[in-house]
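Report on one structure; see the data block that follows.
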Amino acid sequence: MRFGYPCINLTIKNQHPSTFRLKSYSEKRFTETVENNLKHLLSILNFNKRNDIYFFRISSDVIPFASHPICDVDWSEVFKVELKEIGNFISKNNIRVSMHPDQFVILNSKSEDIVKNSIKELQYHCKLLDSMMLPSSAKIQIHVGGVYGDKSKAKKDFINNFNKLLEEGLKRRIVIENDDRSYSLQDCLDINLETGVPIVFDTFHHTCLNNGETFQQALSSFAKSWNYPTDGNPIIDYSSQSIGERKGKHAQTLDKSHFICMYKEFKNAIIEGHADLDIMLEIKDKEKSALLALKMIKGL
DNA sequence: GGCCGTCAAGACGAT
DNA sequence: ATCGTCTTGACGGCC
């Protein structure tokens with residue numbers, strides 16, 4: 001079981017991906033930023049390895065404006081050597097990486113332009129992972145999208161667009177995540193049946209929106225959406241409620257007793273045909289909570 | 001060197 | 001109608 005955290009490391013100062021405003025775009029600015037971001041990515045991966053963290057979500061900001069028309073630099077060629085070096089480090093150390101494009105990726109949008117731009121954004125993520133020579137277990141995680149007042153139609157639109165509009169290489173990397181107010185685990189399972197797309201099981205979202213299944217039933221059904229070993233270990237997003245805040249808001253730091261309780265559930269789950277689960281800790285204080293989680297598990 | 005309005009992009013619920 | 005949230009806060013103009 002690997003444990004990971006998303007995108008930035010707060011311990012290593014000024015070593016996380018930076019971006020800039022569209023109006024300050026220049027080839028020089030772009031190239032310098034990417035060069036730095038790649039260097040920082042490698043140093044975060046080194047930090048993680050030293051601390052036994054073998055799962056990491058790579059920031060979508062590594063290549064700023066990658067899917068924007070303004071970007072005409074052939075970055076995968078310019079940074080071929082660096083990208084391959086990072087990929088080698090990841091593969092050599094058996095690290096799992098994933099990416100999570102932001103909310104603007106809507107594959108089932110009613111607007112053709114939004115779908116088109118979403119695909120461009122996904123292609124960028126895919127190209128980055130491809131350039132690192134990573135296998136299809138390096139996933140790109142997205143939400144299903146909008147509901148538009150008719151969920152069954154919206155699901156069909158997702159299924160059709162996924163099946164018809166995406167290249168095979170891209171399809172193999174995509175995974176969908178259950179969310180906290182529109183698409184439950186069961187909705188994702190319905191989509192999985194028609195597309196084969198694996199499901200990232202977000203346990204926190206599941207407590208906000210579910211269909212009354214037991215936790216063990218949920219774990220077992222989500223894991224079946226993954227093909228092992230081509231998809232890698234099934235991925236879980238873990239978080240807990242930020243106390244005293246609006247329902248659905250992620251915790252600032254790891255809730256120790258809640259985490260241990262969930263960890264035991266993960267351990268008890270019989271994941272048929274799979275080696276293990278990989279757990280992404282979606283906690284605001286990032287590596288701090290990841291390190292704490294590892295320490296607590298060792299103490300069990 | 002710190003403050004804070006704003007940032008490429010969507011959807012949705014709360015106010 | 002506008003704001004906050006999801007997401008990865010943080011860029012950068014201004015004082």
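Just so we're on the same page: letters track the sequence lines, and every chain starts at 1. Values below: all heavy atoms of this structure, side chains included; hydrogens, waters and symmetry mates excluded.
Heavy atoms of A/Ser109 sit under 4.0 angstrom from primed sugar atoms or phosphate atoms, though from no base atom. Residue contacts for A/Asn117: at a heavy-atom cut-off of 4.0 Å it reaches no nucleic acid atom on any strand shown. Across all strands shown, A/Val147 has heavy atoms under 4.0 Å from sugar-phosphate atoms exclusively, and none from any base.
A distance of about 13 Å separates the P atoms of C/dC3 and B/dC7, rounded to the whole Å. Remark: the separation of the P atoms in B/dG5 and C/dG4 is 12 Å, to the nearest Å. Nucleotides B/dA11 and C/dA10, compared at atom C1', are 23 Å apart to the nearest Å.
The pair A/Arg2-A/Asp276 does not count as a salt bridge, with every side-chain nitrogen at least 4.0 angstrom from each carboxylate oxygen. At a threshold of 4.0 Å, the pair A/Asp190-A/Lys151 does not count as salt-bridged, since none of the basic side-chain nitrogens sits closer than that to a carboxylate oxygen.
A/Ser239 contributes a side-chain N or O that, together with a main-chain N or O of A/Glu282, makes up a donor-acceptor pair within less than 3.5 Å. A donor-acceptor pair under 3.5 Å is formed between the side chain of A/Asp187 and the backbone N or O of A/Ser184. Put simply, the side chain of A/Gln216 gets close to the backbone of A/Glu265: a donor and an acceptor are under 3.5 Å apart. Using modelled atom types, one side-chain atom of A/Asn268 and one backbone atom of A/Lys264 make a donor-acceptor pair closer than 3.5 Å. A/Asn108 contributes a side-chain N or O that, together with a main-chain N or O of A/Gly146, makes up a donor-acceptor pair within less than 3.5 Å.
Among the nucleotides B/dC12, C/dT8, B/dG10, the one closest to any side-chain atom of A/Ile8 is C/dT8. Residue A/Arg181 has its side chain nearest to C/dG4 when only C/dT8, C/dT7, C/dG4 are considered. Nearest to the side-chain atoms of A/Asp102 among the listed nucleotides C/dT8, B/dA8, B/dA9 stands B/dA9. Across B/dG10, B/dA8, C/dT8, the shortest atom-to-atom separation from the side chain of A/Ile114 is found for B/dG10.
Atom OH of A/Tyr148 is separated from atom C1' of B/dG10 by 7 Å (rounded to the nearest Å). Between the CZ atom of A/Phe20 and the P atom of B/dA8 there is a distance of 10 Å, given to the nearest Å. Rounded to a whole Å, the CZ atom of A/Arg21 is 17 Å from the P atom of B/dC4. Summarising the geometry, the separation between CG on A/Leu22 and P on B/dT6 is reported as 17 Å, rounded to the nearest angstrom. Rounding to whole angstrom units, CD of residue A/Glu121 and P of C/dT8 are separated by 13 Å. What separates NE2 of A/His205 from C1' of B/dC12 is a distance of 14 Å, to the nearest Å. When the C1' atom of C/dT8 is taken as reference, atom NE2 of A/His40 falls 16 Å away, rounded to whole Å. Atoms NZ (A/Lys286) and C1' (C/dA10) sit 13 Å apart, rounded to a whole Å.
The partner of B/dG2 is C/dC14, by the rule that a Watson-Crick or G-U pair needs both atom distances under 3.5 Å. In this structure, C/dT8 forms no base pair with any nucleotide, since neither Watson-Crick nor G-U wobble geometry is met with both distances under 3.5 Å. If you check C/dT2 for Watson-Crick or wobble pairing at under 3.5 angstrom, you find it paired to B/dA14. Under the Watson-Crick or G-U wobble criterion, with both distances below 3.5 Å, B/dA9 has no partner in any strand shown.
No side-chain heavy atom of A/Met296 sits less than 4.5 Å from a side-chain heavy atom of A/Tyr263. A/Glu77 is listed as a side-chain neighbour of A/Lys80, based on a closest heavy-atom distance under 4.5 Å.
Within the structure, every side-chain polar atom (N or O) of A/Ser118 is placed at least 4.0 Å from both OP1 and OP2 of B/dG10. Using a 4.0 Å cut-off, some side-chain N or O of A/Arg29 falls inside it from OP1 or OP2 of C/dG12. For A/Lys284, a side-chain nitrogen or oxygen approaches OP1 or OP2 of C/dG9 to under 4.0 Å.
Along DNA chain C, the nucleotide nearest A/Thr19 and the nucleotide nearest A/Cys7 are compared for position; the residue whose nucleotide lies closer to the 5' end is A/Cys7.
By the 5.5 Å and 30° criteria, A/Phe104 is not stacked with the base of B/dG10.
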Tabulate atom names and distances for all N/O pairs under 3.5 angstrom spanning the protein and nucleotides 13-15 of chain C.
none

